[in-house]
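Protein chains get the first letters and strands the later ones, always in sequence-line order, with residue 1 at the start of each. Values below: all heavy atoms of this structure, side chains included; hydrogens, waters and symmetry mates excluded. These numbers come from a predicted model, not from an experiment.
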2 protein chains.
Amino acid sequence: MIKLTQHRQVILDLINESNHHWEAEELARTLAERDHPIGIATVYRGLAALEAQGLISSFQLADRKRYERASKAHHDHLICTECGTIEEFSNDRIEQQQDLVAKENGFSITGHQLVIFGVCRKCS
Amino acid sequence: MIKLTQHRQVILDLINESNHHWEAEELARTLAERDHPIGIATVYRGLAALEAQGLISSFQLADRKRYERASKAHHDHLICTECGTIEEFSNDRIEQQQDLVAKENGFSITGHQLVIFGVCRKCS
DNA sequence: TTCTATATGATAATGACTATCATTACTATT
DNA sequence: AATAGTAATGATAGTCATTATCATATAGAA
């Protein structure tokens, strides 16, 4: 049984403070800055445990994982290729078409990852 | 100026032989089996060069990149979480909605990555 | 208090990928 | 044919995100 230990609670609280998309190393650094250092291996294990319990979500961006609150409504991401800004969006038509595509291909859908890349307003 | 050297041509030919989604190490191994060993660093550099020239495309799946022919029509991927099968699909409505979502958020779209996860027909 | 199970931290290890550098290959020029 | 310049190559060291290992600490049940 996966425990929600104090360390994990602290990680979860930090993630739940905002809509930020956290990298593991970023979390470890921020916790250290707040006088709550947690070993990087413990952060990784904690993130895995929290995700397994459905308390946070993650998505892969290039070669590293980003973590965010699971309590947000389902959404996908827009990423600016200039400044790295991540914005969220939700689009029911896309969701419906994804379900349709899965069915048409004989797949029983379990999830998806959609990232749209572009240049944001500020970087244009 | 990026050259299309013999090594790179061999890599390109292998990728163009099929619709397969190749990992770098897989390419190196297959070339070695065909008595055409290419150093892994050379494979990586070759893949980067071929992609820069628009001759192949890639997408990131978990912690590693997959490479495929660029001559395919644009498509996205369905991946079976049981057996790992990758299938391709194209859906104009999703493409259109992505453009709309980008515009609505003030983004000038440059690309996207969409992966739908599920369980395929065979693994149900 | 004791015992058991799990978490933790530090660090070594892993694996995908890249940098370095001596050497080789390619191509243009003479 | 020889030479020069440029880039590619291969081997391997290095980088970095992540995980495995192991000694120790902690939590909770009995």
Atom CZ of A:Arg29: over 12 foreign heavy atoms under 6.0 Å: yes
Round to a whole Å and report the spacing from CG of A:Leu27 to P of D:dA17. 13 Å
Pick out the pairs of N or O atoms, protein on one side and nucleotides 28-30 of chain D on the other, that lie under 3.5 Å.
none

Hey, can you pull the donor-acceptor pairs under 3.5 Å for the side chains in residues 96-109 of chain A, sequence neighbours left out?
| unit_1 | atom_1 | unit_2 | atom_2 | d |
| --- | --- | --- | --- | --- |
| A:Gln97 | OE1 | B:Asn91 | ND2 | 2.9 |
| A:Gln98 | OE1 | A:His112 | ND1 | 3.3 |
| A:Asn105 | ND2 | A:Val101 | O | 2.8 |

In whole angstroms, how far is the P atom of D:dT9 from the CD1 atom of B:Ile40? 13 Å
Residue met sooner reading DNA chain C from 5', once A:Pro37 and B:Ala24 are mapped to nucleotides: A:Pro37
Identify whether the distance between the nearest side-chain nitrogen and carboxylate oxygen of A:Glu23 and A:Arg66 falls below 4.0 Å. yes
Please check: side-chain N/O of B:Arg69 versus main-chain N/O of B:Ser18, any donor-acceptor pairing under 3.5 Å? yes
Given A:Ser124, A:Cys123, A:Cys120, the one that forms side chain to side chain contact (heavy atoms under 4.5 Å, CB included) with A:Glu82: A:Cys123
Is it the case that more than 12 heavy atoms not belonging to B:Gln9 sit under 6.0 Å from its CD atom? yes
Without decimals, in angstroms, what is the distance between A:Leu47 CG and C:dT8 C1'? 15 Å
Donor-acceptor contact present, side-chain A:Arg8 to main-chain A:Lys3, <3.5 Å: yes
Using atom CD of B:Glu25 as one end and atom P of C:dT14 as the other, report the distance to the nearest whole Å. 16 Å
Kindly state which residues belonging to residues 5-15 of chain B come within less than 4.0 angstrom of DNA chain C, counting heavy atoms of the residue only, listed by number. none
Please round to the nearest 0.5 Å and tell me the distance separating atom CD of A:Glu68 and atom CG of A:Asn19. 8.0 Å
Determine whether more than 12 heavy atoms belonging to other residues, nucleotides or ligands lie under 6.0 Å from atom CD of B:Glu33. yes
If you link I, L, V, M, F, W and Y whenever their side-chain heavy atoms are under 4.5 Å apart, who else ends up in the same group as B:Val119? none
Roughly how many Å is it from CG in B:Leu4 to P in D:dA8, rounded to a whole number? 11 Å
ring-ring contact (aromatic ring centres under 6.0 Å, His included) involving B:His77 - partner list, sequence neighbours excluded: B:His21, B:Phe59, B:His75
Of the nucleotides C:dA16, D:dT21, D:dT9, which one has an atom closest to the side chain of B:Tyr44? C:dA16
Please tell me if A:Thr42 has a side-chain N or O lying less than 4.0 Å from either OP1 or OP2 of C:dG9. yes
Strand contacts (DNA chain D) in residues 56-67 of chain A, 4.0 angstrom heavy-atom criterion: A:Asp63, A:Arg64, A:Lys65
